[in-house]
Novice: 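My questions will all concern the structure given below.
Here the structure is a predicted model, which means the values were calculated and not measured.
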Amino acid sequence: MADLLVLTASNQGASAVLPSLDLLGHRVRVLPPEPSAMVDALDADVVVVDGRTDLASSRSTCRLVRATGIAVPLVLVLSEGGMSVVNADWGTDDIILAAASPAELDARIRLLIGRAEAADPLDKASEFTSGELTVDTGGYTARLRGVPLDLTYKEFELLKYLMQHPGRVYTRDQLLQEVWGFDYYGGTRTVDVHVRRLRAKLGAEHEQLIGTVRNVGYRFDPAPTAAKTGVAADELAAR
């Protein structure tokens, strides 16, 4: 059984988007395709975008999901006429006709989840690097330009968790759950305090690695690669 998030502007529910869902046992949530829905997308196994009628809007929704760094598999529901319009730059992982059978829909969901799980090596990695920052999960050390940072246990855990999921936005409640655990009774202010301390220890030059998404939460913004930095410098020099 999978957790599905259906993004649709229709008020007729998920069964109007994919009638086959009524015959399957998946857990389904329905939300309008708005930026606020991206928080709920983090907890889904698959995000379903309704593209049956408004192709321009559904393309924007797919791109919004990808722009927020959400790595959840994304499937776009289309009518026959929409098949000729979709291309790779929409950012969807799969497409399916609204009239698909329960067997086809279930198989596509199963394959999407299976590929996503097989392709995500982040949790198995022991060391993460972004620019001049390196986090060694086995040795519980973080180094900036090769110099160890003096981090508390929770500061290290918070940095490690964010760094494991670059670009992905987490609410304060989600970070409390993932880093501090279900049995922690402190408030979300704890997250803000730890983020502020982490930024101070990273220093002014690197504090932007922990980005703030207004009214949502925090994310790890990877340092630009040397290649991109060099291109930017060349562009500036040419002006």
Side-chain angles (χ1 to χ4, degrees), residues 1-122 165-171 173-174 211 213-217 219 221-222:
M1 181 183 296
D3 286 308
L4 309 182
L5 175 64
V6 178
L7 300 179
T8 178
S10 171
N11 58 9
Q12 297 179 334
S15 59
V17 181
L18 279 168
S20 292
L21 281 175
D22 286 342
L23 302 176
L24 300 173
H26 301 301
R27 293 181 289 268
V28 180
R29 290 173 290 163
V30 181
L31 288 174
E34 299 173 353
S36 58
M38 298 305 103
V39 175
D40 292 83
L42 293 170
D43 298 325
D45 293 317
V46 175
V47 175
V48 179
V49 175
D50 181 8
R52 295 171 300 153
T53 57
D54 191 341
L55 288 171
S57 177
S58 59
R59 179 179 60 184
S60 297
T61 300
C62 290
R63 289 177 171 176
L64 175 63
V65 173
R66 292 305 179 222
T68 53
I70 295 171
V72 174
L74 181 63
V75 60
L76 179 63
V77 181
L78 295 168
S79 62
E80 286 279 2
M83 287 289 191
S84 61
V85 178
V86 181
N87 52 47
D89 68 5
W90 285 44
T92 184
D93 295 299
D94 199 1
I95 57 175
I96 190 169
L97 287 173
S101 69
E104 179 185 352
L105 176 58
D106 201 43
R108 288 180 182 271
I109 291 171
R110 187 170 61 252
L111 290 171
L112 281 169
I113 294 174
R115 286 197 294 266
E117 291 175 347
D120 184 9
L122 289 174
H165 307 89
R168 184 168 174 174
V169 183
Y170 288 94
T171 66
D173 285 328
Q174 288 172 325
V213 180
R214 190 174 181 181
N215 298 325
V216 182
R219 70 184 176 197
D221 290 325

Novice: What are the two closest non-hydrogen atoms of I95 and R108, and how far apart are they?
Specialist: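 Looks like O-NH1, 3.3 Å.
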
Novice: Indicate the atoms forming the closest heavy-atom contact of P102 with L23, along with that distance.
Specialist: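 That would be CG-CD1, 3.6 Å.
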
Novice: Step by step, work out the side chain to side chain contact (heavy atoms under 4.5 Å, CB included) result for V49 and V77.
Specialist: CA-CA 6 Å; V49 175; V77 181; over 6 Å; no

Novice: Measure the CH2-CG distance between W90 and L55 for me, rounded to the nearest 0.5 Å.
Specialist: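 Between atom CH2 of W90 and atom CG of L55 there are 4.5 Å.
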
Novice: Distance check, rounded to the nearest 0.5 Å: L78 atom CG versus R52 atom CZ?
Specialist: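 If I round to the nearest 0.5 Å, the distance is 10.5 Å.
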
Novice: Please name the pair of heavy atoms, one in V169 and one in Q174, separated by the smallest distance, quoted to 0.1 Å.
Specialist: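 Looks like O-OE1, 4.2 Å.
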
Novice: side-chain hydrogen bond (donor to acceptor under 3.5 Å, both in side chains) with D93: which residues, sequence neighbours excluded?
Specialist: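 With neighbours one apart ignored, the set is R66.
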
Novice: Atom OG1 in T92, atom CG in L74: separation rounded to 0.5 Å?
Specialist: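 The CG atom of L74 is 4.5 Å from OG1 of T92, to the nearest 0.5 Å.
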
Novice: Side-chain donor-acceptor pairs under 3.5 Å in residues 3-21, sequence neighbours left out?
Specialist:
{"residue": "D3", "atom": "OD1", "partner": "R27", "partner atom": "NE", "Å": "2.5"}
{"residue": "D3", "atom": "OD2", "partner": "R27", "partner atom": "NH2", "Å": "3.3"}
{"residue": "T8", "atom": "OG1", "partner": "S10", "partner atom": "N", "Å": "3.0"}
{"residue": "T8", "atom": "OG1", "partner": "D50", "partner atom": "OD2", "Å": "2.7"}
{"residue": "S10", "atom": "OG", "partner": "Q12", "partner atom": "N", "Å": "3.1"}
{"residue": "S20", "atom": "OG", "partner": "A100", "partner atom": "O", "Å": "2.4"}

Novice: If every non-hydrogen atom of A2 is compared with every non-hydrogen atom of I109, which pair is closest and at what distance?
Specialist: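 It is CB-CG2, 4.1 Å.
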
Novice: Within this structure, what is the CE-NE2 distance for the pair M1 and H26, rounded to the nearest 0.5 Å?
Specialist: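 Rounded to the nearest 0.5 Å, the CE-NE2 separation comes to 8.5 Å.
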
Novice: Using the salt bridge (Lys or Arg N to Asp or Glu O under 4.0 Å) criterion, which residues pair with E34? Sequence neighbours excluded.
Specialist: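 In terms of salt bridge (Lys or Arg N to Asp or Glu O under 4.0 Å), with neighbours along the sequence ignored, E34 is linked to no residue.
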
Novice: Does D106 have any salt bridge (Lys or Arg N to Asp or Glu O under 4.0 Å) partners at least two apart in sequence or in another chain, and if so, which?
Specialist: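 Residues passing salt bridge (Lys or Arg N to Asp or Glu O under 4.0 Å) with D106: R110.
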
Novice: Could you name each residue pair satisfying salt bridge (charged side-chain N to carboxylate O under 4.0 Å, His left out) that touches residues 54-64, not counting sequence neighbours?
Specialist: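 Sorted pair list: R63-D89.
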
Novice: Do you know the tightest heavy-atom contact between C62 and L76?
Specialist: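 Residues C62 and L76, closest heavy atoms: SG-CD1, 4.1 Å.
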
Novice: Compare every heavy atom of D43 with every heavy atom of R29, then report the nearest pair and how far apart it is.
Specialist: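 Reported closest heavy-atom pair: NH2-C, 4.0 Å.
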
Novice: Under the criterion side chain to side chain contact (heavy atoms under 4.5 Å, CB included), I'd like the reasoning laid out for M83 against L97: C-alpha separation, chi angles, the key distance, then a yes or no.
Specialist: CA-CA 9 Å; M83 287 289 191; L97 287 173; 3.4 Å; yes

Novice: Run the salt bridge (Lys or Arg N to Asp or Glu O under 4.0 Å) test against D173 and tell me which residues pass, sequence neighbours left out.
Specialist: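 With neighbours one apart ignored, the set is empty.
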
Novice: I would like to know whether V30 and V28 meet side chain to side chain contact (heavy atoms under 4.5 Å, CB included); could you show each step before the answer?
Specialist: CA-CA 7 Å; V30 181; V28 180; 4.3 Å; yes

